[in-house]
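What follows is a set of notes on a single structure, which appears directly below.
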Amino acid sequence: MRYLTFALGKGRLVKNTMELLEKCGIQCEEVTDKDTRKLIFTNEELKLRFFLAKGPDVPTYVENGAADIGIVGEDTILEEERNVYEVLDLGFGKCRMCVAGPPQAKELLSHHAMIRVASKYPNIAKNYFYNKKNQTVDIIKLNGSVELGPIVGLSDVIVDIVETGSTLKANGLEVLEEICPLSARVIVNPVSMQMENERIRKIVADMKKALMSE
Ligand code: PRP
């Protein structure tokens with residue numbers, strides 16, 4: 001039997017992901033051991049391997065078959081536009097993709113003005129403004145702390161995920177438009193889905209069961 005490899009997105013989803021795998025009888029707690037520099041862990045008994053990766057890299061590993069299964073936020077899946085199967089909504093990691101900014105920016109949005117949009121998600125932002133709103137905008141790619149954009153005058157608004165809304169509030173910004181709801185997803189490499197169908201379906205079914213019993 002060959003190893004099935006999981007790519008797990010680092011950050012906010014890790015805790016819930018580990019709890020879920022544990023409930024499915026899949027032990028991989030070493031993955032989150034902060035004292036090790038080791039990157040990949042093996043569960044010999046189940047012939048599984050696990051590694052943590054930056055969220056946006058998870059769909060890359062899965063598309064290329066370097067990982068068979070990925071667990072990552074839907075925001076990342078939408079942004080990366082990779083050829084992967086999305087097989088399960090995990091229901092945790094719930095948040096919203098939004099256009100946010102200072103209250104006075106609402107005016108610019110409704111008038112379809114040529115605005116500057118800062119985002120970690122340039123594809124989602126482009127798609128929303130160009131295809132859904134038919135509004136031409138200038139998109140500025142940032143890699144984090146996107147809320148700074150409108151505060152320091154880099155952009156008029158931002159496109160970003162909002163979970164509790166506290167980051168926006170603390171910076172005098174608010175949700176101006178909602179793009180879509182988001183949550184954590186399981187993705188699978190299309191070839192793995194065929195070659196390892198039974199094993200992968202069993203894992204996904206176990207996850208579903210574990211989620212329903214919560
Ligand atoms: C995300 C997002 C917002 C914040 C939203 O950033 O980009 O900044 O969380 O959460 P809230 O609505 O609960 O305040 P993250 O913490 O992942 O870090 P980053 O800004 O470095 O990307």
Side-chain angles (χ1 to χ4, degrees), residues 1-80 82 84 86-97 119-121 141-148 158 160-171 182-189 192 199-200 202-204 206-211 213-214:
M1 194 160 57
R2 80 162 176 94
Y3 286 101
L4 280 186
T5 303
F6 283 73
L8 311 173
K10 273 184 196 170
R12 294 180 186 219
L13 301 178
V14 169
K15 194 168 161 273
N16 281 312
T17 301
M18 292 302 152
E19 281 169 14
L20 175 67
L21 290 171
E22 197 136 305
K23 272 192 198 149
C24 297
I26 300 174
Q27 305 297 336
C28 58
E29 64 282 353
E30 279 173 301
V31 173
T32 48
D33 181 354
K34 296 216 160 42
D35 299 328
T36 178
R37 298 290 298 165
K38 212 172 135 184
L39 294 172
I40 187 152
F41 296 91
T42 309
N43 180 323
E44 288 296 347
E45 192 193 328
L46 300 171
K47 286 274 182 253
L48 299 174
R49 295 196 305 172
F50 305 89
F51 65 85
L52 286 179
K54 286 239 168 157
D57 293 339
V58 170
T60 311
Y61 285 110
V62 174
E63 181 184 69
N64 288 288
D68 302 285
I69 300 172
I71 297 183
V72 71
E74 194 185 1
D75 51 326
T76 306
I77 300 168
L78 292 172
E79 178 62 23
E80 296 298 314
R82 297 284 175 174
V84 295
E86 203 182 297
V87 296
L88 185 62
D89 179 350
L90 293 172
F92 57 75
K94 279 203 168 119
C95 53
R96 303 173 289 159
M97 186 63 70
S119 187
K120 275 190 287 189
Y121 305 95
K141 163 88 202 267
L142 288 179
N143 292 298
S145 305
V146 179
E147 290 81 1
L148 274 172
I158 61 173
D160 201 13
I161 53 171
V162 179
E163 191 181 358
T164 60
S166 52
T167 312
L168 289 181
K169 200 167 169 214
N171 291 291
L182 302 163
S183 57
R185 305 285 159 130
V186 179
I187 54 174
V188 176
N189 172 273
S192 306
R199 282 174 84 195
I200 293 176
K202 162 97 172 62
I203 290 168
V204 173
D206 286 350
M207 285 182 180
K208 248 191 221 169
K209 243 186 265 166
L211 290 170
S213 70
E214 269 172 12

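Remember, it's a predicted structure, so these values are computed and weren't measured experimentally.
- Remark: K10 engages L52 in a side-chain contact (heavy atoms from CB on, under 4.5 Å) (not counting sequence neighbours).
- Counting all heavy atoms, side chain and backbone alike, N43 lies closest to Q27 at ND2-O, 3.2 Å.
- In the displayed structure, E44 atom CD is contacted under 6.0 Å by more than 12 heavy atoms of other residues, nucleotides or ligands.
- Taking both residues in full, the closest heavy atoms of K94 and E163 are given as O-CG, 3.7 Å, listed atom of the first, atom of the second, then distance.
- In this structure, I26 CD1 and M18 CE are separated by 11.0 Å, a value rounded to the nearest 0.5 Å.
- Between the CZ atom of R199 and the CD1 atom of I69 there is a distance of 8.5 Å, given to the nearest 0.5 Å.
- Between the OG1 atom of T76 and the CZ atom of R185 there is a distance of 12.0 Å, given to the nearest 0.5 Å.
- The two atoms that bring K120 and G144 nearest to each other are CG-N, 3.8 Å, heavy atoms only.
- Among all heavy-atom pairs drawn from L90 and L211, the shortest one is O-CD2, 3.5 Å.
- Considering CG of D33 and SG of C28, their distance stands at 12.5 Å, rounded to 0.5 Å.
- Looking only at side-chain heavy atoms (C-beta outward), L168 and I158 come within less than 4.5 Å of each other.
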Should L78 and L182 be marked as a side-chain contact (heavy atoms from CB on, under 4.5 Å) after you check the CA-CA gap, both sets of side-chain angles, and the distance that decides it? CA-CA 10 Å; L78 292 172; L182 302 163; 4.0 Å; yes
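- When all heavy atoms are compared, the tightest approach of I77 to I187 is CD1-CG2, 3.6 Å.
- Ion pairing between E19 and K23 fails under the 4.0 Å rule for side-chain N and carboxylate O.
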Passes side-chain contact (heavy atoms from CB on, under 4.5 Å), Y61 versus N189? Steps please. CA-CA 9 Å; Y61 285 110; N189 172 273; over 6 Å; no
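- A side-chain donor-acceptor contact under 3.5 Å links E74 to the backbone of S183.
- Residues that satisfy the ring-ring contact (aromatic ring centres under 6.0 Å, His included) test with F41, not counting sequence neighbours, are absent from this structure.
- For NZ of K47, the number of neighbouring non-hydrogen atoms (other residues, nucleotides, ligands) closer than 6.0 Å is greater than 12.
- The NZ atom of K208 lies 11.0 Å from the CG atom of D206; values are rounded to the nearest 0.5 Å.
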Just do the side-chain contact (heavy atoms from CB on, under 4.5 Å) check on V58 and I71 with the steps written out, would you? CA-CA 8 Å; V58 170; I71 297 183; over 6 Å; no
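- The shortest non-hydrogen separation linking E30 to T36 is O-CG2, 4.5 Å.
- Among residues two or more places apart in sequence or in another chain, the ring-ring contact (aromatic ring centres under 6.0 Å, His included) test is passed with F6 by F50.
- Here the CG atom belonging to N171 is positioned 7.0 Å from the CG atom belonging to L148, to the nearest 0.5 angstrom.
- Considering only heavy atoms from C-beta on, L21 comes within 4.5 Å of T17 through its side chain.
- Between R82 and V62, every side-chain heavy-atom pair lies at or beyond the 4.5 Å cut-off.
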Test side-chain contact (heavy atoms from CB on, under 4.5 Å) on I203 and L48 and set out the steps. CA-CA 11 Å; I203 290 168; L48 299 174; 4.3 Å; yes
